[in-house]
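The structure appears right after this line, and notes come after that.
The basis for the numbers below is simple: all heavy atoms, side chains too, and nothing from hydrogens, waters or symmetry mates. In the text below, chain A, chain B and the rest are named by the order of the sequence lines, each starting its count at 1.
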2 protein chains.
Amino acid sequence: MFRRPPAARPRTRAPRDPSRTRGALLQAAARRIHEAGFQATDLDAILAEAGVTKGALYHHFAGKDALGYAIVDEVLADLTREKWLRPLAEADDPIQALIAIVRNSPLDPDAIRCGCPVNNLAQEMSPVNGAFRERIARLLDAWIRGIADALARGRRRGFVRSDVSPDDAATYFVALYEGYVSLAKGVQDARLLASGQAQMVRYLESLRPASPRGHGRGARQAG
Amino acid sequence: MFRRPPAARPRTRAPRDPSRTRGALLQAAARRIHEAGFQATDLDAILAEAGVTKGALYHHFAGKDALGYAIVDEVLADLTREKWLRPLAEADDPIQALIAIVRNSPLDPDAIRCGCPVNNLAQEMSPVNGAFRERIARLLDAWIRGIADALARGRRRGFVRSDVSPDDAATYFVALYEGYVSLAKGVQDARLLASGQAQMVRYLESLRPASPRGHGRGARQAG
DNA sequence: CCTGCGACATACTAATCAGTATGTTCAGGC
DNA sequence: GCCTGAACATACTGATTAGTATGTCGCAGG
């Protein structure tokens, strides 16, 4: 036997970084849960993908449920903020911003297969777990409210018809979006979601004032 | 020890009726799965609710998966037929029929909590099980096609605007419906679904010809 | 340089649950 | 009346998997 060097483990085994470990755990868990669902995802798969062991998981989280709660509160909340709330908050014209988001939504097979992570978790966990239900409800509410607020601001600025209810329109749009994503996942057909995007754009454009006639940017027909 | 009478078991233990047993199994399983999901439902709960034992289940079905397939092909297909396809096939005016279905959809807490059984199973099982995926896709396709066919017939008879695409409108409507049901389940609020029903009715009415002006039944404003 | 605690790793436990093996009952054909 | 197979019932097995117990490592403070 050779005398093994003091650091026998893989070279420079990455200096301790608790917050990085915690983040890797959250990201890995979110990925697997997005693909297979919360209950069907076993901890070992998460640990393998995160590259840590069970000790690390139970050091950072009280259990599988707590990990799930953190995913809702942190990962999914961040995704929602980055994809929806921030672009809407920064845009002048909410309709234009929403259309851009819809058009940029992915249509690749993985996206079709996995659907919307928020909706997935909501459908699976809301009926059976009160803690999940509350957190998911908060998240969905923030999502809808963010759109509603943007529509209300846009209405004041003349980008949105004055007879649309921001709350109703925001809820309607989110329902339509989630519905198309769910349907495309159910029938496993990207074309359905592609046509759905076109329909969503049509709906959004129907919220515009009839004919502002020279409101600066000419609403040119998108190809 | 007393000599026990020949029939010691509960009185008249119901004569053997295989198809009834099979049906009880299917109904019990469908109920539990609707409430808790397929993977989270354990066989013992199904057996308890059906009032039979594991031997009966494995006599009628090859396993848990086969039971799930049968639920899609039989229970959910029947539900879809009875709630959507038959009323649509029997109605002259598809829009009126769809509005009636929407208005009659339940709003009680259980319905809000559990959502749509078809969509639930689709979201849970489509990404992880090919056999489920195919069956669910067939079911969703039949549902959408049934609405599309009814809209096409209604268009020929003047009940539907001639510039609407039956396929697109049917898909749009189903997405909207599933989306509202999912959202209401996610935020656990019946009011959201109630307002959603009103919005769905609005959409359906927007499919009517501009002003048929005396088409027999006057389209009176619903209260 | 030692020490104590945070940050992990490893090995084990315990419970759940789908599936199976085997036994029992019933109903109809002969 | 018996006999065979369908229609169940019961008890068990095996595998998966969340959670735990315990050990080790490394950095910070004294």
Option among B:L121, B:I71, B:L67, B:N120 that satisfies the side chain to side chain contact (heavy atoms under 4.5 Å, CB included) test with B:F38 =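 Of the listed residues B:L121, B:I71, B:L67, B:N120, the side chain to side chain contact (heavy atoms under 4.5 Å, CB included) partner of B:F38 is B:L121.
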
Member of B:V181, B:I112, B:L183 meeting the side chain to side chain contact (heavy atoms under 4.5 Å, CB included) criterion with B:L192 = B:L183

remark   = Per-nucleotide protein contact along nucleotides 14-20 of chain C, 5' to 3', at a 4.0 Å heavy-atom cut-off (B base, S sugar-phosphate only, - neither), is ---SBBB

query = Do any of residues 123-130 of chain A sit with a heavy atom less than 4.0 Å from DNA chain D, and if so which?
reply = none

To the nearest angstrom, how far is [X] atom [atom1] from [N] atom [atom2]?
{"X": "B:H60", "N": "D:dA7", "atom1": "NE2", "atom2": "P", "result": "6 Å"}
{"X": "A:L47", "N": "C:dC8", "atom1": "CG", "atom2": "P", "result": "13 Å"}
{"X": "A:D17", "N": "D:dG26", "atom1": "CG", "atom2": "P", "result": "16 Å"}
{"X": "B:R22", "N": "D:dC8", "atom1": "CZ", "atom2": "P", "result": "12 Å"}

Check side chain to side chain donor-acceptor pair (under 3.5 Å) between [X] and all other residues, then give those that pass, not counting sequence neighbours.
{"X": "B:D78", "value": "B:R81"}
{"X": "B:D168", "value": "none"}
{"X": "B:D189", "value": "B:R191"}

key: Side-chain N,O (B:T21) to OP1/OP2 (D:dC8) below 4.0 Å   =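 For B:T21, the contact criterion (side-chain N or O under 4.0 Å from OP1 or OP2 of D:dC8) is met.
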
inquiry  = If the cut-off is 4.0 Å, is B:H59 near the phosphate of D:dA7, judged by side-chain N/O to OP1 or OP2?
reply    = yes

ask   = Are A:Y203 and B:Y172 an aromatic pair by the rule of ring centers under 6.0 Å?
value = no

message = Using the side-chain heavy atoms of A:A56, tell me which of these nucleotides is nearest: C:dC8, D:dA9, D:dA6.
response =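 Of all the options, the side chain of A:A56 is nearest to C:dC8.
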
task = Verify the neighbour count for atom CZ of A:R153: are there more than 12 heavy atoms of other residues, nucleotides or ligands below 6.0 Å?
result = yes

task = Please list all pairs passing the side chain to side chain donor-acceptor pair (under 3.5 Å) test where one or both residues lie in residues 33-45 of chain B, with sequence neighbours left out.
result = B:Q39-B:E124

